[in-house]
Each structure stands twice: as C-alpha cells, then as structure tokens.
Amino acid sequence: MQEFLQRDLSTSLLSISVLLGWLGLSFILLRIVAITIKKVLEAIFSKSN
C-alpha cells in the first residue's frame, strides 16, 4: 500500500479509474445476461401455461 501511495498521483488515479471502468463494464454485462435469462425463462414458462 505504501508503494502504491508513493507513485505518481496521475498514475494511481489512472489505474483506479481503469479498475472502476472494468468493474462497471462487468456489472453491465452481468445485468444484460440476467435480463436475457429472465426473458428466456418467462418465455418458457408462459408457453407451458
């Protein structure tokens, strides 16, 4: 942690923003997958009724 704080501030901020960006993209991807699975399951169960 001390080594991370001793580096250049812009490098630290860039690495944090890149990390947050990847986290955001992964949450969006998981949300899309969850919505797709939900729609598929709704279509399957509505046909069976």
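What you see is a predicted model, and the numbers here were worked out from it, not measured in a lab.
Residues meeting the side chain to side chain donor-acceptor pair (under 3.5 Å) test with Ser26, sequence neighbours left out: none.
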Name the atoms and distances for all side-chain donor-acceptor pairs under 3.5 Å in residues 27-34, with sequence neighbours left out.
none

Less than 3.5 Å apart, which donor and acceptor atoms pair up between the side chains of residues 16-24 and the rest of the protein, not counting sequence neighbours?
{"residue": "Ser17", "atom": "OG", "partner": "Leu13", "partner atom": "O", "Å": "3.2"}
{"residue": "Ser17", "atom": "OG", "partner": "Leu14", "partner atom": "O", "Å": "2.8"}

